[in-house]
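Below you'll find the structure, written out as structure tokens, and then a few comments.
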2 protein chains.
Amino acid sequence: MVKKANNIKELAEKLKLSPTTVSRVLNGKSKTFRISSVTSQKVFDGAREYNYSPNRIARGLKLEKTETLGLIIPDIANPYFGSIAKTIEVEAHKRGYSIILGDSLEEVSTEAELLKLLTGRKADGIIIAPAGKKSRHIVEAEQQGIPLVVIDRFLPDTNLPYITTNNYAGALMAMEHLIEMGHRNIACIQGINGISANTDRVQGYCDALRKKGIAINDHYILGNDFGELNGYNQTRKILKMHHPPTAIFALSNLISLGILRALKEEGLKVPDDMSLVSFDEQPYSPFLACPMTTVEQPRNEIGKEAFELLLQIINDKNQENIISKKLMPKLIIRDSVKKFSISN
Amino acid sequence: MVKKANNIKELAEKLKLSPTTVSRVLNGKSKTFRISSVTSQKVFDGAREYNYSPNRIARGLKLEKTETLGLIIPDIANPYFGSIAKTIEVEAHKRGYSIILGDSLEEVSTEAELLKLLTGRKADGIIIAPAGKKSRHIVEAEQQGIPLVVIDRFLPDTNLPYITTNNYAGALMAMEHLIEMGHRNIACIQGINGISANTDRVQGYCDALRKKGIAINDHYILGNDFGELNGYNQTRKILKMHHPPTAIFALSNLISLGILRALKEEGLKVPDDMSLVSFDEQPYSPFLACPMTTVEQPRNEIGKEAFELLLQIINDKNQENIISKKLMPKLIIRDSVKKFSISN
DNA sequence: AAATTTTGCACAAACGATTGCGCCATTCAA
DNA sequence: TTGAATGGCGCAATCGTTTGTGCAAAATTT
């Protein structure tokens, strides 16, 4: 059996020192408190020998900071959020922070619970990708004084700091590509209405059409969920239209999977029977039946920037230079858009 | 500004009660300590009115349990682990536990750090998908007394409790399908050698061949990583072989993506030029250029069972009925295997 | 040699909860 | 009327850290 010191008092006794001294040495305050280097060394050696590591709970209680960050995500199984979570965890770990992960299941009520839990657990800060439009509970949490950064979407009517993709620009790129390829009748299957990420993308969709003098057909904008099923259902609707579009702009990776499922059921091919551009590049995008043209969001940057911003809010007294950002996405052109030489 | 009680003492003062009483009421011990129902009600109302929620850090310190579970995963961006993490988080949340997430980046050293961190943070238990073959640090953590469950892989030479897929059975199914379809020369691109999940799958590969009296060609078993690049590199090797196989059995979702990339570069088609079966069903599997035949692991069950098992270890004194499990996977047959009528 | 400064460390009080024990008031039994 | 039993709640110690303050001993100055 290895020798073991379970707390600072035990270690102090074995070393014939006081807990005070041990604590100070281990926290790198030897100089400040004039602990002799021989004593310091004794403490370091002892800590290793007796395999002592401080109880972070007790430490957190006393210091009133836990070096813990909350991360609330609507769906951690979605690789888009998964990779954001990854970079946040990795960055946090580098800086000594741990992540408490909460999956809100896209439900505002669960999200509110998680928020309460995290404040009860005295997280030093929270990064949240909000589940819905309602944001009162988030604003309240922030007003209780907990540093908070919003990702993926921002919340209008609040001035919570955020890091998101420039969704408007992404939609613009995608649509300009479709239009250049000769498409005029383009449907847009959207996600949750009223969420900034969605609104901005739809805005980009509309503005791109407007710029080119193409009339906006309201029936072409449909759907209300970022999930696969919505993509499937809306596509079925589209295929039954009088005057169906020649292309679909999908506002999420899951939506485009649903589109593919519906098209496949009807025996339709991309891009010959239907052109497609989707938000969210994925590792499999190049290997689909028809390699897909996508808008790639800068996931890693979102994670990094969000973490840095949160850290800044935690550490800085002057909240002057807290600056939200919309990061540029990238259009990856593949084969899922058919070239139309003649206008349809 | 809302009225606010930041700790139990403040709340007690406002209610003209002692912290003792408040604590007992809020912990549902009114009966046991004969707190009158009128007092109890006063406490409940007060807690709501002053928006009091107990400091879980202080609570954790005193109670010596934090209702926090550690989850260590090699790559949270991989949807396979992502969905396991999701079910674990959701189940845990239902039972009042929070999850501290750690991404080991497939590195044993990072994994060891995370393990230390979690014990320092006094997690009540840990669920870990080990990154490598080395497991000393994991065993040590468990011997320090922290409840621990291993997922995805088990660690031979230890008797740590585990929940995994029955990888042997999964490989057997996949191979039997390939053989039934007439394939005799089947390559196997494997993941990290020496890891149980990999070893078992390779064992299934070999046994399936043996059963059918097919000689095992050592050159057909190659690779040493679960990542995309390994799939790509090994496929390039395979394509240069004297006597190339007619089918590849990929031991992970990422490996099969790498295979697809290599095949695509050479202008080869699945299944006409190469048949393919892969471990790990994915949402996109049906929509690939050739809809892929896959082995689906029971991710949700793995998550649930692992959590239940951990809870059992945490709560039960008698560790008699701690029982590890290998859960059955499912073969999903699509179009990526070509039918060979004539033997090749 | 006395006074002062510096060195080197320890005492004890927090942090916010939980809990063994105790104490007073009331009710009941004798 | 007294003693015992019960009802209803509070005191103070404790969990493992950190830290403001304090106090000897050694070193230095006068």
Side-chain angles (χ1 to χ4, degrees), chain A residues 4-44 46-47 50-68 96 117 119-124, chain B residues 4-44 46-47 50-68 96 117 119-124:
Chain A
K4 174 86 182 153
N6 291 311
N7 55 46
I8 202 171
K9 214 173 128 195
E10 278 183 31
L11 180 58
E13 275 170 13
K14 292 186 204 267
L15 299 180
K16 305 205 176 305
L17 287 169
S18 75
T20 304
T21 305
V22 174
S23 168
R24 285 178 172 149
V25 171
L26 292 180
N27 288 306
K29 301 184 180 168
S30 302
K31 308 274 182 254
T32 335
F33 289 95
R34 299 177 308 226
I35 315 289
S36 71
S37 59
V38 39
T39 304
S40 292
Q41 198 54 50
K42 200 157 65 170
V43 171
F44 286 128
Y50 295 103
N51 194 20
Y52 168 76
S53 73
N55 182 330
R56 320 259 305 197
I57 296 296
R59 197 159 193 276
L61 178 60
K62 176 66 189 175
L63 261 41
E64 296 184 355
K65 59 172 193 164
T66 54
E67 281 164 328
T68 292
L117 206 64
T119 57
R121 288 188 181 282
K122 302 297 164 193
D124 293 343
Chain B
K4 173 85 182 155
N6 290 311
N7 56 46
I8 202 170
K9 215 173 128 195
E10 278 184 29
L11 180 57
E13 276 171 11
K14 293 187 201 268
L15 300 179
K16 306 209 176 303
L17 287 169
S18 75
T20 306
T21 305
V22 175
S23 168
R24 283 175 175 150
V25 171
L26 292 180
N27 287 306
K29 300 184 181 167
S30 303
K31 309 273 182 249
T32 335
F33 288 95
R34 300 177 306 225
I35 314 290
S36 71
S37 57
V38 41
T39 305
S40 293
Q41 200 52 51
K42 198 158 67 170
V43 171
F44 285 128
Y50 295 103
N51 194 18
Y52 168 75
S53 73
N55 182 328
R56 321 260 305 197
I57 296 297
R59 197 159 193 274
L61 178 59
K62 175 65 188 177
L63 262 41
E64 294 184 357
K65 58 173 193 162
T66 54
E67 282 164 326
T68 292
L117 206 64
T119 58
R121 287 187 183 280
K122 302 297 165 193
D124 293 342

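Order of the sequence lines sets the chain letters (A, B, ...), proteins ahead of strands, with each chain counted from 1. Since we're looking at a predicted model, the values are computed, not measured.
A donor-acceptor contact closer than 3.5 angstrom is absent between the side chains of A/Ser40 and A/Ser37.
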Close N/O contacts between protein and nucleotides 21-25 of chain C (under 3.5 Å):
none

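A/Leu17 comes within contact range of the sugar-phosphate backbone alone, with a heavy-atom separation under 4.0 Å but no base atom that close. Within 4.0 Å of A/Lys29, counting heavy atoms only, lie sugar-phosphate atoms of the nucleic acid but no base atom. Nucleic acid contact for A/Asn27: sugar-phosphate only, since backbone atoms but no base atoms lie under 4.0 Å from a heavy atom of the residue.
Look at B/Ser36 and you'll find a side-chain N or O under 4.0 angstrom from OP1 or OP2 of D/dC9. An OP1 or OP2 oxygen of C/dA10 is reached within less than 4.0 angstrom by a side-chain nitrogen or oxygen of A/Thr21. For the OP1/OP2 pair of C/dA17 and a distance below 4.0 Å, the side-chain nitrogens and oxygens of B/Tyr52 include at least one atom meeting the criterion.
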Intra- and inter-strand pairing of DNA chain C, written as dot-bracket with Watson-Crick and G-U pairs under 3.5 Å and | for the latter, reads ||||||||||||||||||||||||||||||
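Candidate nucleotides D/dT18, D/dT14, D/dT17 were compared by shortest atom distance to the side chain of B/Lys62, and D/dT14 ranks first. For B/Ser23, the side-chain atoms get nearest to C/dT19 when compared with the rest of D/dG10, C/dT19, D/dT18. In this structure, of C/dA17, D/dG10, C/dC9, it is D/dG10 that holds the atom nearest to the side chain of B/Ser18.
Judged by atom type and distance alone, B/Thr39 does not reach the base of D/dC9 through any side-chain donor-acceptor pair under 3.5 Å. Applying the 3.5 Å distance criterion, the base of D/dT18 shares no donor-acceptor pair with the side chain of A/Thr20.
With rounding to the nearest 0.5 angstrom, the CZ atom of B/Arg59 is 12.5 Å from the CD1 atom of A/Ile57. A distance of 11.0 Å separates CG in B/Asn55 from CZ in A/Arg121, rounded to the nearest 0.5 Å.
As rounded to whole Å, 13 Å separates atom C1' of C/dT19 from atom CZ of B/Arg59. For the pair B/Glu13 CD and C/dG16 P, the interatomic distance rounds to 12 Å; values are reported in whole Å. Rounded to whole Å, atom P of C/dC9 lies 15 Å from atom CD1 of A/Ile8. Atom pair B/Leu61:CG and D/dT18:P shows a separation of 12 Å (rounding to whole Å applied). D/dC9 atom C1' lies 14 Å from atom CG of B/Leu15, rounded to whole Å.
Comparing A/Ala58 and A/Val38 along DNA chain C, the residue whose closest nucleotide (by nearest heavy atom) sits nearer the 5' end is A/Val38.
At distances below 3.5 Å, at least one donor-acceptor pair connects side-chain atoms of A/Thr68 with backbone N or O atoms of A/Thr66.
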